[in-house]
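Everything on this sheet refers to the single structure shown next.
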Amino acid sequence: MLSSRRGAPTIGGGDEEDPTSTADASSASAEEPKTHPPATLTACLASYSRSLLSRSTIPPSFSSHCLAISLFVAFLFSLLALSLLLRFTRPVPCIPPYDPLARSVHFTRRLEGLASDFGSLGVPWCRSKQGRSVDWTPADLIKALEEFVPIYETRPIQNNMYGMGFDHSFGLWFMARWLKPDLMIESGAFKGHSTWVLRQARPEVKIISLSPRHPEKYLKKGPAYVDPNCTYFAGKTFVDFGSVEWRKVLMQHGVKDFSKVLVFFDDHQNELKRLKQALKAGFRHLIFEDNYDTGTGDHYSLRQICDQSYVRGGGHSCFRDGDEARIRSKRKKFWDKALEIDELCGKEEAWWGVRGYMRDDFNHSNKAISYAEHFQNSRFVESVLNVYWELPPVAGPSLTHQTRYDPARATDPIVEDGRYALFQRLGLGKLDSSVFNGYTQMVYVEISP
């Protein structure tokens, strides 16, 4: 980032011109050899004018007019030289370091919307009660990537269309392995890919899977995964997460401490609803797979809830001729999930949720909410959050060739654009580019009353 600090210009300091020396200087410059040119064009014209005036016999008033014309021409030449200097000299921009919109205005003017510029349109980050963060570091993520790539290549469902891609598969595996839960619960299994990922992270730990359709049903049409050490509430035995008697179920699995359980949601339900249900049951560690950005997705997400004007990186302007509208219009040409301002804003400039609506249940439920209600939802979420952490994209788009999510609404990737050697060393270059197109801001939260 370029510094906003600029060096103070040096103010020239020297003796003032001695009025008594002006005439002597004029005489001296008139007697200078012609082979020694004056220092500047202005000085040259002035010297020439004085020479003419000293030899001229015409009236002084006419000579004064000639001198004025000469000085005016010199002034025009000075302006021309200055304009050429400004035209061909690249100025150093002064960009506010903590103003994402100002940064985006600068970069998109220069690159016409092509720049990745991660986070330039803001990344609304839910605020936790005490400002805590996760224990792992970017170095931990890079080290884990190298270990996970060969594991991912052995996945039973090679083409997991409509399911998790590489980014979220890695995130789930990494967090489950780091947190070391005694029991793992998933709500929403689809073909069983997420169950398989959890199993790779914790080979000996029991899994409870809730899904309206049992993964074994997909085996009739193609690859799927059914885990032998998993308790399924699926198909005919399906029970929704909010209706399970969790204390009884956990006792049956020999688990008494709810803080030792990891709950993974990939069920496309209102995340505020799921957060309240998990909090009531006593769970503390949650992962939401589809943490959709404002204006997108089929359910109300934590990212949408925390997209507030008082949060750094949050809030939006629906002004059609504003900077945000212009930037979004340009980025829409390059990123599939980028939104133009008319797609973001609904009636009466309602931008929160999805155009002022709180979606739920794969968008089968679509309830209008006021901004006041949306604001209160964010205050509630903040009151129970101990930790909020969004998984970064695995790598920049110049490496993965993804065109789906807009980097302007995402955090910096684990492997940044330009680090081609690292990308290859980690084994990421061997993967098909299609596996990098499923990033939707997976988030881990730790909660407590």
Side-chain angles (χ1 to χ4, degrees), residues 155-157 160 162-164 168-169 172-173 175-176 179-291 298-301 360-365 442 444-445 447:
R155 64 196 184 279
I157 308 169
N160 193 34
Y162 308 117
M164 286 198 303
H168 289 191
S169 298
L172 179 60
W173 173 85
M175 288 184 279
L179 295 170
K180 296 179 174 58
D182 293 338
L183 177 70
M184 299 181 291
I185 300 170
E186 64 170 348
S187 180
F190 192 32
K191 298 179 182 179
H193 175 77
S194 57
T195 317
W196 177 84
V197 171
L198 290 170
R199 177 57 63 222
Q200 307 315 301
R202 301 287 285 162
E204 305 301 325
V205 171
K206 288 282 288 185
I207 298 174
I208 298 175
S209 180
L210 296 80
S211 193
R213 189 175 186 181
H214 201 292
E216 66 183 5
K217 296 292 184 181
Y218 293 97
L219 287 171
K220 299 177 181 179
K221 298 182 179 180
Y225 177 78
V226 178
D227 192 271
N229 195 25
C230 176
T231 300
Y232 286 96
F233 292 90
K236 294 180 180 180
T237 63
F238 170 69
V239 182
D240 184 76
F241 177 86
S243 301
V244 177
E245 296 181 26
W246 285 112
R247 190 164 299 279
K248 179 180 178 181
V249 171
L250 263 61
M251 287 287 289
Q252 293 172 349
H253 287 76
V255 177
K256 297 181 180 179
D257 188 352
F258 278 64
S259 67
K260 297 293 185 179
V261 179
L262 175 64
V263 184
F264 172 61
F265 293 104
D266 187 11
D267 53 12
H268 297 257
Q269 301 297 301
N270 182 335
E271 292 179 8
L272 179 62
K273 174 180 71 177
R274 289 303 195 214
L275 183 75
K276 291 180 177 180
Q277 292 170 348
L279 186 68
K280 182 179 179 181
F283 296 113
R284 292 188 61 186
H285 300 282
L286 317 176
I287 297 175
F288 292 93
E289 200 263 329
D290 290 305
N291 187 33
D298 56 13
H299 64 269
Y300 196 44
S301 69
D360 191 11
D361 192 22
F362 290 88
N363 198 26
H364 293 154
S365 171
M442 171 184 275
Y444 161 72
V445 295
I447 60 174

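Just so you know, these numbers use all the heavy atoms, side chains as well, and skip hydrogens, waters and symmetry mates. Source: prediction; values computed, not measured.
- With sequence neighbours excluded, the residues satisfying ring pair (Phe, Tyr, Trp, His ring centres under 6.0 Å) with Phe362 are His268.
- Two residues are said to be in side-chain contact when any heavy atoms from C-beta on lie closer than 4.5 Å; Glu289 and Phe264 meet this criterion.
- Contact annotation: the side chain of Thr195 never approaches that of Pro215 to less than 4.5 Å [non-hydrogen atoms, C-beta and beyond].
- One side chain, Asp267 or Ser187, offers a donor N or O that lies under 3.5 Å from an acceptor on the other.
- Between the side chain of Asp360 and the backbone N or O of Asn270 there is at least one donor-acceptor pair closer than 3.5 Å.
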**Message:** Between Arg274 and Asp240, is the salt bridge (Lys or Arg N to Asp or Glu O under 4.0 Å) condition met? List the steps.
**Reply:** CA-CA 11 Å; Arg274 289 303 195 214; Asp240 184 76; 2.9 Å; yes

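- Summarising the geometry of Tyr225 relative to Pro228, their closest heavy-atom pair is OH-CD, 4.4 Å, with the distance given to 0.1 Å.
- Judged as a side-chain contact (heavy atoms from CB on, under 4.5 Å), and not counting sequence neighbours, the contacts of Ser211 are Ala189, Ala234.
- Other residues, nucleotides and ligands contribute over 12 non-hydrogen atoms within 6.0 Å of the CD atom of Gln252.
- Residue His214 holds its NE2 atom at 4.5 Å from CD of Glu216, rounded to the nearest 0.5 Å.
- Remark: Arg213 is positioned above the aromatic ring of Tyr218, its terminal NZ or CZ atom under 6.0 angstrom from the ring centre and at most 45 degrees off the axis.
- The ring of Trp246 has its center closer than 6.0 angstrom to the ring center of Phe283.
- To the nearest 0.5 Å, atoms CG (Leu279) and CG (Leu286) are separated by 9.0 Å.
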Residues 200-209 side chain polar contacts: donor-acceptor under 3.5 Å, at least two apart:
| from | atom 1 | to | atom 2 | distance (Å) |
| --- | --- | --- | --- | --- |
| Gln200 | NE2 | Trp196 | O | 3.1 |
| Arg202 | NE | Pro181 | O | 3.4 |
| Arg202 | NH2 | Pro181 | O | 3.1 |
| Ser209 | OG | Glu186 | OE2 | 3.0 |

